[in-house]
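Below, read A as the first sequence line, B as the second, and so on, with proteins coming before strands; counting in each chain starts at 1.
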Amino acid sequence: MGPLPDEVIDAAPAEPPTVLTLRPAPKTHVTVRGLCKSFAGVPLYNNFNLDLPRSQIVSIFGPNGCGKSTLMNMIAGLIPLDAGEILFDGKSLKDTKIGYVFQNYRDALFPWLSARDNIAYPLRRSKMPEAQVQARVDALVKLFEIRFDLGRYPYELSGGQMQTVCIMRALATEPEVMFLDEPFSALDFEMTLFIRAKLQEAHLATGTTMVIVSHDLEDAVFLADQILLLTRRPTRIAELVSFELPRPRTPEAVSDPEFVRVKAHTLEVFRREMAA
Amino acid sequence: MTRRALPLVGPLLLFALWQLMISAQWVKPVLLPPPGETVAHIVGTFASGSIFPDLWATIYRTLCAFGIAVVIGVPLGVMLGSSEGAYRSVEFLIDFFRSTPSSALIPLFMLIFGITDINKIAIAAFGAALIVLFNSAYGVMNAKKTRVMAAQIMGVSRWHIFKDVMLMESLAQTFVGLRSAVSMGLVIVIVAEMFIGSETGLGHRIIDAQQVFNIKDMYGSILVTGALGYLLNLLFLLIEKRVIHWSGKA
């Protein structure tokens, strides 16, 4: 059961809801209304509604093939919708600055630019004066406490360093919403811990709304304020679970009773949806 | 030290075998001069300068043909590659003429250009341009989708996505094309010099030496031609390594 008043949907089944018929919950940043998407005639999403809260980290978690990444990519504008509307504070995507961190960092960075120029690239292309570009990159270097040489090319960096550069590049333009597609799946545990910590710091420092898709339950819960649990296809919201452990959360937080409770509950919902 | 000497083993073995064939009298000396004498002959043609007019003529024609191929092939290939529909509609033509040995077109080109220097350059340029075009087009078409999406999400304009991402992505493949094209250009220039009435060029020199049975000069010119092809390839490899430093690493 999601946070949305279901009776509104039931009242008008013929008309897909819009932001006018189904108002966003308070403190909402991103509203998804009446989203429909089919692949090869098989509906994946049908009249899907979702509110993403402002300045929070939402993890999307669900069974294989339920379209976690598809949902995020539709919100980020990478996959077209069949029907529905997605608004950011009432604006369309066109008027919204977003950041995106890909699972495959190696393919996402530009190997012909140094790591520093990769981070600066979106700023330079937005015609920011060079002095400001340098200041912005320096601020990110400070925030992320970078100790490796950013003058090197991406292929000279380790996987964790590359993904760090990707996150810095996505944050460079000060996006309103940042999307992360399985950001840890190609990283070893040490780098996962490092990037988790850095993402939390960046989130605390900037208050950027973040959406993370993860196939690892621990990753999904650890960073999240809200865990969005999806059902099998056709995909609906199984539950939106809150996780209110204060930040910054240290690696030891995984043994905190609250973490254990939320993770166990999430797993239970996940199991139930798998069996459904 | 020993590892570094390994590449020399092959050539030394070849020269040893060559000498053996002569010492054992497997081949008549009129058909195969001894390696030492052949090398001495090459050194002699360089010392006297008699080889330079032919060497320069071949280099000049190859580079002219290559230059034309690049000027036509790269922009056209990039344009076709950026619109998959456009490429698909001419794909058959490109593949057909790429598969046609360019030497088969020599008579046709003789009809158009006559027996001139331009003819040799034109036919070599034709063969090389197709290789450049094909590789540039594929370089653009095979640009990593993730990189293009990353730039799209940054809100970068279509023109800049093309220039900053797709064009840069295609460079590695384009350079593979350039390297093959310069080799192809040399092959066609040599063939053309042999069979399209020619006064200069290594191809002309080889066939001339054969006609008058100047066996030493024939072998020497063949080796010089081989060395030229090898050095051109090496030069392009070095440039590629410099310019496309990320090639094969990302």
Flag yes if more than 12 heavy atoms outside A:Arg106 fall under 6.0 Å of its CZ atom; otherwise flag no.
-> no
Under 4.5 Å from a heavy atom of chain A, the part of B:Val148 involved = neither
Which one, A:Ala170, A:Ala172, A:Gly77, A:Pro111, leads in non-hydrogen pairs under 4.5 Å with chain B?
-> A:Pro111
Under 4.5 Å heavy-atom distance to chain B, tell me which part of A:Tyr100 shows up: side chain, backbone, both or neither.
-> both
Side chain, backbone, both or neither: which part of A:Leu78 has a heavy atom under 4.5 Å from chain B?
-> side chain
Please assess A:Thr173 against B:Met154 for the test side chain to side chain contact (heavy atoms under 4.5 Å, CB included), listing each intermediate value before the final yes or no.
-> CA-CA 8 Å; A:Thr173 53; B:Met154 292 170 197; 5.9 Å; no
Does CD belonging to A:Glu130 count more than 12 external heavy atoms closer than 6.0 Å?
-> yes
Heavy-atom pair of closest approach, residues B:Thr146 and A:Asp107 = CB-O, 3.6 Å
How about B:Tyr60: does its OH atom have over 12 heavy atoms from other parts shown lying under 6.0 Å from it?
-> no
Shortest non-hydrogen contact between B:Ala150 and A:Ala108, atoms and distance | CB-O, 4.0 Å
Note: A:Arg125-B:Asp164 ion pair, threshold 4.0 Å (strictly below) | yes
Above 12 or not: heavy atoms from other molecules or residues under 6.0 Å from NZ of A:Lys27?
-> no
Looking at A:Arg169, A:Glu156, A:Lys97, which makes the most heavy-atom pairs under 4.5 Å with chain B?
-> A:Arg169
Around atom OH of B:Tyr230, are there more than 12 heavy atoms of other residues, nucleotides or ligands at under 6.0 Å?
-> no
Pair B:Glu169-A:Phe110, side chain to side chain contact (heavy atoms under 4.5 Å, CB included): steps then yes or no = CA-CA 9 Å; B:Glu169 279 268 330; A:Phe110 303 137; over 6 Å; no
When heavy-atom pairs shorter than 4.5 Å are enumerated against chain A, which of B:Gln152, B:Lys144, B:His160, B:Met149 gives the highest number?
-> B:His160
Counting only heavy atoms not in B:Ile118, do more than 12 sit closer than 6.0 Å to its CD1 atom?
-> no
Out of A:Leu113, A:Asn104, A:Leu109, which one racks up the most heavy-atom pairs below 4.5 Å with chain B?
-> A:Leu109
Flag yes if more than 12 heavy atoms outside A:Asp95 fall under 6.0 Å of its CG atom; otherwise flag no.
-> yes
Hey, which of A:Phe179, A:Tyr155, A:Tyr121, A:Trp112 has the most heavy atom pairs under 4.5 Å with chain B?
-> A:Trp112
For atom NZ of B:Lys241, decide whether the heavy atoms of other residues, nucleotides or ligands shown that lie under 6.0 angstrom number more than 12.
-> no
